[in-house]
Amino acid sequence: MVISYKDLGLVNTREMFAKAMKGGYAVPAFNFNNMEQLQAIITACVETKSPVILQVSKGARQYANQTMLRYMAQGAVAMAREMGSKIPIALHLDHGDSYELCVSCIENGFSSVMIDGSHLPYEENVKLTKKVVDFAHQYDVTVEGELGVLAGIEEHVSSEKSHYTKPEEVEDFVTRTGVDSLAISIGTSHGAYKFKLKPGETVPPLRFDILEECEKRLPGFPIVLHGASSVLPEYVEIINKYGGKIENAAGVPEEQLRRAAKSAVCKINIDSDGRLVMTAMIRKYLAEHPSEFDPRKYLGPAREALKNMYADKCKNVLGSAGKGE
Ligand code: G3H
Ligand code: 13P
Ligand code: ZN
C-alpha cells in the first residue's frame, strides 16, 4: 500500500521551485535525524514564514527508522499548523542510491526523492533516473537528479576530486529523464572540509560560469546546490575550545550562497552547519555543567541555537523568509 504524502499534509517541490525561480530565492533543504533537529527546523521556518524541505538521507532513514520518520514528518506538519502556519513542507530523500530505495520512500509518504546516479557512466545515470521518474510521477512525487560529482564522502561514493557538471550534458539529461530539478557540481563538496587552504588563502569562488551556462541551456529549470554549509567559524571555535578537534575546516561563504540563491538555484542543501551547531552547544554545556545528566538540559540549548542558525539562513542567506505564506 502506498501512503500518500498528500494525506500527511506534505507537498512536492514543484510549486515551491516555481515560486523560488520567480522570486529569486532558494528553498532551504535541511537534513534531520532526530526530534530536536526537526523541531528546530520547523520552528525556524514557521517563525520566518519560509517554505521548507525536510531532508532525509539513507543513513538518517537507517538511524531513525522509516516508520518513525514518516510520523515525525507528519508531526512536524501538525506542529506547524498548530502554530498557525501554512508554510509548504516537503519530505525529501537525499542522495537516494537505488531505484528500490526511492520506491520505498515514495510508498512511505515522501513527497520528493533524489536519485543520485552522478557516479555512474552517463547513459546508466540517464536510465536509472528515468526509471525513478517514471515511478515517482505516477504518485505526483517530484524527482531530483544529479550530474557532476561533488568531492567528499557520501554513503555510496567517496570521491577525492570533484568533477564539475558538463553544461553540454544538462539539456539531454533533463529531457530524457524527465527530472523536476537537477543538482550540479560547481565547486562545493560535502562535510566540514570543503577547501584545502594554505595559511592566508581565502575560499575560491564557486564556478558561477558553469551555473550560468547550465541556466542558459535550461531556462527556468530548477537547479539544486549540495554541499552548501558555510562551516560557521564561531561554532568550530566553540567545538575546539571545549575539547573538540575540527582543524582546517572551511565552507562556502554566505555571500556566494546569496548570489546562487538569486539565480536558478532553487534548493540549497545544508546539513553540516546543523551538525556543528549542535555539537558545539552540547560540548559547551557539558563542559560547563559536568554533573548534569538530563539530556533535555544539553539538547535544549542546542535546539535553540540550531533554530536561530536556520532562521538566519532563511532571512539572510537564502532569502526564503516571508515566501512561505
Ligand atoms: O550529503 C550528505 C548529507 O549530509 C547526509 O549525510 O549520509 O551522513 O546522513 P549522511
Ligand atoms: P553540507 O555537508 O555542506 O551541509 O551539504 C549537505 C548536502 O549536500 C546534503 O545533501
Ligand atoms: Zn548532498
Side-chain angles (χ1 to χ4, degrees), residues 13 26-34 37-38 40-41 52-66 68-69 72 90-98 101-102 105 110 112-119 143-159 162-163 165 181-196 203 206 222-233 235-236 246 249-254 256-257 260-261 265-280 306 309-310 312-314 317-318:
T13 57
V27 179
F30 296 133
N31 290 66
F32 77 98
N33 297 266
N34 63 35
Q37 289 171 318
L38 184 55
I41 295 168
V52 65
I53 297 168
L54 305 173
Q55 195 154 259
V56 169
S57 69
K58 182 180 171 186
R61 205 165 167 268
Q62 281 160 353
Y63 176 80
N65 177 288
Q66 61 162 327
M68 176 61 88
L69 276 172
M72 284 174 80
L91 180 63
H92 174 80
L93 169 68
D94 191 23
H95 294 284
D97 63 352
S98 69
L101 176 59
C102 292
C105 285
F110 281 60
S112 175
V113 293
M114 173 187 194
I115 178 69
D116 181 357
S118 61
H119 55 292
V143 180
E144 175 184 328
E146 180 166 340
L147 273 178
V149 177
L150 271 70
I153 296 158
E154 294 169 25
E155 280 149 354
H156 58 288
V157 49
S158 166
S159 176
S162 67
H163 305 280
T165 303
S181 62
L182 182 69
I184 62 169
S185 173
I186 58 167
T188 62
S189 60
H190 291 106
Y193 305 94
K194 300 192 192 300
F195 305 97
K196 284 195 181 70
V203 172
L206 297 178
I223 302 291
V224 177
L225 193 61
H226 282 247
S229 280
S230 294
V231 188
L232 302 161
Y235 292 102
V236 173
I246 308 272
V252 185
E254 290 190 332
Q256 295 201 36
L257 298 174
V265 170
C266 291
K267 171 175 180 270
I268 289 190
N269 286 10
I270 296 174
D271 188 0
S272 297
D273 277 343
R275 295 178 180 196
L276 290 167
V277 169
M278 201 158 191
T279 303
L306 259 183
M309 184 274 288
Y310 290 135
D312 182 68
K313 296 279 184 194
C314 296
V317 185
L318 277 63

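Keep in mind it's a predicted model, so treat the numbers as computed, not measured. Atoms within each ligand, like the ligands themselves, are counted from 1 in listed order.
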Among the N, O or S atoms that H226 has, which is closest to the Zn ion (ligand 3)?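 Going through the N, O and S atoms of H226 one by one, ND1 ends up nearest to the Zn ion (ligand 3).
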Closest non-hydrogen atom pair, [X] against [Y]:
{"X": "A183", "Y": "H226", "value": "CB-CD2, 3.5 Å"}
{"X": "Q256", "Y": "L206", "value": "OE1-N, 2.8 Å"}
{"X": "A60", "Y": "L69", "value": "O-CD1, 3.9 Å"}

Looking only at distances, can you tell me whether any N or O atom of N31, backbone or side chain, sits closer than 3.5 Å to an N or O atom of ligand 1?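 Such a contact does not occur with ligand 1.
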If you measure every N/O of N33 against every N/O of ligand 1, is any gap under 3.5 Å?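 Between N33 and ligand 1 (N or O atoms, distance only) the closest approach is not under 3.5 Å.
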Matching residue for I223 among T165, V265, I186 - test: side-chain contact (heavy atoms from CB on, under 4.5 Å):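 Exactly one candidate clears the test, V265.
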Any heavy atom of R275 closer to ligand 1 than 4.0 angstrom?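 Checking ligand 1 against R275, which is what was asked, there is a heavy-atom contact under 4.0 Å.
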Ignoring hydrogens, just give me the one of D271, D94, L225, L150 whose non-hydrogen atom is nearest atom 9 (C) of ligand 2.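 It is D94 whose heavy atom sits nearest to atom 9 (C) of ligand 2.
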Closest non-hydrogen protein atom to [atom], residue and atom name please, with distance?
{"atom": "atom 7 (C) of ligand 2", "result": "H190 CD2, 3.4 Å"}
{"atom": "atom 3 (O) of ligand 2", "result": "K194 NZ, 2.5 Å"}
{"atom": "atom 2 (O) of ligand 2", "result": "S272 OG, 2.7 Å"}
{"atom": "atom 8 (O) of ligand 2", "result": "G227 N, 2.8 Å"}

Just let me know how A192 lines up against ligand 2, side chain, backbone, both or neither, with a heavy-atom cut-off below 4.0 Å.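 A192 to ligand 2: no contact under 4.0 Å from either part.
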Quick one: does ligand 2 sit under 4.0 Å from the side chain of N31, the backbone, both or neither, non-hydrogen atoms only?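 Under 4.0 Å from ligand 2, N31 contributes side-chain atoms alone.
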So, K313 and D273, do they make that salt bridge, N to O below 4.0 Å?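 Looking at K313 and D273, the cut-off is met.
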Ignoring hydrogens and geometry, is there a side-chain-to-backbone donor-acceptor pair from K194 to S189 under 3.5 Å?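 Yes; at least one donor-acceptor contact below 3.5 Å.
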With a 4.0 Å heavy-atom cut-off (strictly under), which part of [X] contacts ligand 1: side chain, backbone, both or neither?
{"X": "N269", "answer": "neither"}
{"X": "M114", "answer": "neither"}
{"X": "K58", "answer": "neither"}

I'd like to check [X] versus [Y] (side-chain heavy atoms, cut-off strictly below 4.5 Å). Are they in contact?
{"X": "V52", "Y": "V27", "value": "no"}
{"X": "L257", "Y": "S230", "value": "yes"}
{"X": "N34", "Y": "M278", "value": "yes"}

Quick check: does I270 get an N/O under 3.5 Å from an N/O on ligand 2?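 No, since none of the N or O atoms of I270 sits under 3.5 Å from an N or O of ligand 2.
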Just say parallel, tilted or perpendicular for the rings of F30 and Y310, cut-offs at 30° and 60°.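 Ring orientation of F30 relative to Y310: tilted.
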List every atom of ligand 1 that sits less than 4.0 Å from any heavy atom of [X], numbering the atoms from 1 in the order shown and giving each element.
{"X": "H190", "answer": "1 (O), 2 (C)"}
{"X": "S57", "answer": "5 (C), 7 (O), 9 (O), 10 (P)"}
{"X": "D271", "answer": "3 (C), 4 (O), 5 (C), 6 (O)"}

Using a 4.0 Å cutoff against the non-hydrogen atoms of H226, which atoms of ligand 2 qualify?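 With H226 as reference, the close atoms of ligand 2 come out as 8 (O), 10 (O).
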Show which atoms of ligand 2 fall inside a sub-4.0 Å distance from at least one heavy-atom site of H95.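 The list of qualifying atoms is 10 (O).
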Nearest-0.5 Å distance that lies between atom CE in M114 and atom CG in L93: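 With rounding to 0.5 Å, CE (M114) is 9.0 Å from CG (L93).
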Taking the six-membered ring for Trp and the full ring for Phe, Tyr or His, determine whether the centres of H95 and H190 are under 6.0 Å apart.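 Yes - the distance between ring centres of H95 and H190 falls below the 6.0 Å cut-off.
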